[in-house]
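All remarks here apply to the structure that follows.
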Amino acid sequence: MISTDTPSCAVCLHTLWADEQHRYVCRPCERRTTDHLDQLPDLINDLHGLLTPGSGRAPDGPRTRSHTDPPAPIRLDVLDRITAATAALDSWLTDWHDHLEWPAPTYRSDPLAEAAAALRTNLPWAVENHPAVDDFAREIGDLHSDASGLLDPTKRARRIGRCPAPAADDDTQPCGAVLRYTPGAITVTCRWCRTTWDALDLGAALALAV
């Protein structure tokens, strides 16, 4: 959740410019979240091609299956990403409708794409008014990162160390959860305690802790 003690972006923690201080989130983080919402439906749809182990194109053409081959099992990790993305976007859109005192959202044919479009359209409102827009931006970023990593291993999040933030139940001890960095990201968020760092600052902190 957002702390209003300092005029900093609730997502990347960088100081907000003077004309941003009525906002919870800086403009670069808003643009990044907008891009993630733009790309997420296509990424999730592409994951359907990974549901069956070995699915895709063989080196010399389309992969075929013999009539005697047993059905391939479904990759549950991929199915989990697909269902989690749709559920998360619907949950956030429902929450925004509640805040705005609008009727519950409805969908014509594609809940994932329609929810992403509605959230993108209303993101300018959220960055100025929604007290948990930082949680939203991080969750959308996590969904985008997970899907991208499954589709392209070079974009997969990499383990970089353990979270040095104070533990919630004992501030003399570190949180200790595994931290993962996605190539190209400017921040790193602990998935356990939700502390967020600038990636460069965290790298320096982890180096000093060794």
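Positions are given from 1 along the sequence. Just the heavy atoms: all of them, side chains too, but no hydrogens, waters or symmetry mates, feed the values below.
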Derivation and outcome, salt bridge (charged side-chain N to carboxylate O under 4.0 Å, His left out), residues D19 and R27: CA-CA 10 Å; D19 64 348; R27 291 188 179 90; 3.4 Å; yes
Between L179 and R162, is a side-chain contact (heavy atoms from CB on, under 4.5 Å) present by the stated rule, with each step listed? CA-CA 5 Å; L179 293 174; R162 294 190 175 274; 6.0 Å; no
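Residues meeting the side chain to side chain contact (heavy atoms under 4.5 Å, CB included) test with Q21, sequence neighbours left out: P7, L16. Applying the side chain to side chain donor-acceptor pair (under 3.5 Å) criterion to R32, with sequence neighbours excluded, gives no partner residue. Residues satisfying the side chain to side chain donor-acceptor pair (under 3.5 Å) test with T86, not counting sequence neighbours, are none. Listed by chain and number, the residues in a ring pair (Phe, Tyr, Trp, His ring centres under 6.0 Å) with H97 are W102 (sequence neighbours excluded).
In plain terms, the two heavy atoms of C175 and C190 that are nearest each other are SG-SG, 3.9 Å. The shortest heavy-atom contact between A126 and Y24 is O-CD1, 4.3 Å. Closest non-hydrogen pair, I44 versus A147, comes out as CD1-CB, 4.0 Å. Taking all atoms of both residues into account, the shortest heavy-atom contact from L93 to A115 is CD2-CA, 4.0 Å. The two residues V25 and E30 make their nearest non-hydrogen contact at CG1-N, 3.8 Å. In plain terms, the two heavy atoms of S109 and P111 that are nearest each other are O-CD, 3.6 Å.
Note that CG of N122 and CH2 of W92 are 14.0 Å apart. Values are rounded to the nearest 0.5 Å. Of the inter-residue distances, the one linking W96 atom CH2 with N129 atom CG reads 10.5 Å to the nearest 0.5 angstrom. Interatomic distance, CD of E139 versus OG1 of T189, reported as 12.0 Å (0.5 Å rounding). A distance of 10.0 Å separates CG of L119 from CG of D95, quoted to the nearest 0.5 Å. Atom CG in L112 sits 9.5 Å away from atom CD1 in I82 (nearest 0.5 Å).
Under the 4.5 Å side-chain heavy-atom criterion for Ile, Leu, Val, Met, Phe, Trp and Tyr, L13 and Y181 are members of distinct hydrophobic clusters.
Salt bridge D134/R138: present, at least one basic N to carboxylate O contact under 4.0 Å.
The closest side-chain heavy-atom distance from D46 to L150 is not below 4.5 Å. Between L89 and P41, every side-chain heavy-atom pair lies at or beyond the 4.5 Å cut-off. The shortest side-chain heavy-atom distance between L47 and L50 falls under the 4.5 Å cut-off. Annotation: side chain of P28 is not in contact with side chain of C12 (no heavy-atom distance under 4.5 Å). Put simply, the side chain of V127 does not reach to within 4.5 Å of the side chain of F136, judged on heavy atoms. The closest side-chain heavy-atom distance from V11 to C26 is not below 4.5 Å.
Pairs engaging residues 76-89 under the salt bridge (charged side-chain N to carboxylate O under 4.0 Å, His left out) rule: R75-D77, R81-D146 [sequence neighbours left out]. Applying the salt bridge (charged side-chain N to carboxylate O under 4.0 Å, His left out) rule to pairs touching residues 109-130 yields D38-R120, sequence neighbours excluded.
A donor-acceptor pair under 3.5 Å links the side-chain atoms of T83 to the main chain of L79, judged by distance alone. Judged purely by atom type and a 3.5 angstrom limit, S148 uses its side chain to pair as donor or acceptor with the backbone of H144.
A 6.0 Å sphere centred on CH2 of W125 holds more than 12 heavy atoms belonging to other residues, nucleotides or ligands.
Under the 30°/60° scheme for interplanar angles, the aromatic rings of H99 and H130 are found to be tilted.
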